[in-house]
Amino acid sequence: LITHRCTTTVMAAAARFFIRGVNSKLSITGVGTGVHSSFGATLLKLTPSCNSRSKTQRRHAAHFTFQPDPVPTQYGPTQKMNLFQSITSALDNTLASDPTAVIFGEDVAFGGVFRCTVGLRDKYGKDRVFNTPLCEQGIVGFGIGVAVAGATAIAEIQFADYIFPAFDQIVNEAAKYRYRSGNLFDCGNLTIRAPWGCVGHGSLYHSQSPEAFFAHCPGIKIVIPRSPVQAKGLLLSCIADKNPCIFFEPKILYRAAVEQVPVEAYTIPLSQAEVLQEGSDVTLVAWGTQIHVMKEVANMAQEKLGVSCEVIDLQTILPWDIETVCKSVVKTGRLLISHEAPVTGGFAAEISSTVQEECFLNLEAPISRVCGYDTPFPHIFEPFYIPDKWKCFDAIKKMINY
């Protein structure tokens, strides 16, 4: 079977060919006979991957500036790593310490498309790090079985955008396994990794942030790190946790984010938000890449408006840290939540609703959500779609002037 991933390029090329057909020379008499076919040649010419880019064409600059955390001292010696290398380090630690641990997914044997598993098959063998068919439902279903049998299962979905074929396995099987068996059986040893979020040129099939779809499902945990240090510690916590976890990795940070990361294994508690910057006027809540946007916004608000912002990294989406967020809002009286996913039904809505119920009498202004639009994730219009620092800064001004 050919999936939409394999056919999209050809379909688009065919569509462009027929749209331009009035101006094209069409010769189909030789198709299949070895005679030159201008139709086939046109399809090849129209395939985007076959077109050379103009030397003057450049990708858009990133909408954020990565700001590394202070070097951690409590976990032993550190080494300079980017985010994908910190993921590799966490997986290496797990395979070394847990003889039952296995890693599987599309292309993980050679290192994966983002190189997160590079070198692990050679080090630990093809029985512990291996490729799967291109079938997300099968990957997660297999992972559930491995976890139920008592082993540690670490599944990779190549892009978070392609996790939806596995939705039934995650929501109806993994999340409910313990409950439906009265705790006789569980698949808590299952961790699902997936590259997540916008990347600057990913368009609608390689840019999505689907955390809110799974946040409606009791029985699983959802975690999104902001940096290499957090990524390693939180991933190791997910692997050790006795509940199935989904670990979304901001792919734009794979190489852009570089920090001094502890070499040995360590864990960072799940369901605990982190206050990165204390403030008195506005609470800013985000996760993943958007945290770095919030840090810039906080600096802008202080410099341009004299407004003190408290920045909170939620880290765990489900179950989320209600206490830390509400405590901050009681202090500041204002709350801005920002994420890349569409605004309607996004997880910001859940946070907003809870804070309104818990902190209503403390609010000085309506809660603000600065999120993606209710459209598919665009390609060339990505700079207009993302909730950048200027949109968030404008929201702060409105709250202060309310």
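Keep in mind that what you see is a predicted model, and the values were worked out from it rather than measured. The chain is numbered in sequence order, starting from 1.
At distances below 3.5 Å, not a single donor-acceptor pair connects side-chain atoms of Glu259 with backbone N or O atoms of Pro72. Remark: the backbone N or O of Ser271 is paired with a side-chain donor or acceptor of Thr316 at under 3.5 angstrom. Listed for the Lys391 side chain is a donor-acceptor partner under 3.5 Å among the backbone atoms of Phe384. Between the side chain of Glu156 and the backbone N or O of Gly105, no donor-acceptor pair lies under 3.5 Å. No side-chain donor-acceptor contact under 3.5 Å links Glu106 to the backbone of Leu134. The backbone N or O of Thr324 sits nowhere less than 3.5 Å from a side-chain atom of Ser328 that would complete a donor-acceptor pair. Put simply, the side chain of Glu340 gets close to the backbone of Cys198: a donor and an acceptor are under 3.5 Å apart. Using modelled atom types, one side-chain atom of Lys251 and one backbone atom of Gly197 make a donor-acceptor pair closer than 3.5 Å. Side-chain N or O atoms of Asp374 include none that pairs as donor or acceptor with a backbone N or O of Pro342 at under 3.5 Å. For the pair His206 (side chain) and Phe159 (backbone), a donor-acceptor distance under 3.5 Å is absent.
Of the N and O atoms on the side chains of Gln137 and Asp168, not one donor lies less than 3.5 Å from an acceptor on the other residue. Residues Asn93 and Tyr266 have side chains that never bring a donor and an acceptor to within less than 3.5 angstrom of each other. Tyr402 and Glu364 form no side-chain donor-acceptor contact under 3.5 Å, judged by distance and modelled atom types alone. With hydrogens and angles left out, the side-chain atoms of Glu310 and Thr332 include no donor and acceptor closer than 3.5 Å. No side-chain N or O of Glu350 forms a donor-acceptor pair with one of Trp320 less than 3.5 Å apart.
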Check against side chain to side chain contact (heavy atoms under 4.5 Å, CB included), Phe393 and Leu305: CA-CA 10 Å; Phe393 180 71; Leu305 304 174; 3.7 Å; yes
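Between Phe104 and Phe130, the ring planes are parallel. Angles under 30° get that label, and only those over 60° would be called perpendicular. Taking the six-membered ring where tryptophan is involved, the planes of Phe248 and Phe214 are tilted, since the angle between them lies from 30° to 60°. In this pair, Phe164 and Phe167 present their aromatic rings tilted. The plane angle is within the 30 to 60° band.
Here the side chains of Ile337 and Ser352 are in contact, with some heavy-atom distance below 4.5 Å. No side-chain heavy atom of Gln260 sits less than 4.5 Å from a side-chain heavy atom of Val229. Looking at heavy atoms from C-beta onward, Val108 lies in side-chain contact with Asn131 at the 4.5 angstrom threshold. A 4.5 Å side-chain heavy-atom check between Pro319 and Lys221 finds at least one atom pair inside the cut-off. A heavy-atom distance below 4.5 Å is found between the side chains of Met294 and Cys392. You'll find the side chain of Phe142 stays beyond 4.5 Å of the side chain of Thr132, heavy atoms only. Using a 4.5 Å heavy-atom cutoff, the side chains of Pro228 and Val258 are not in contact.
Residues Arg180 and Glu173 are paired through a salt bridge, judged by an N-O separation under 4.0 Å between the basic side chain and the carboxylate.
Taking the centre of each ring, Phe377 and Tyr385 come in below the 6.0 Å mark.
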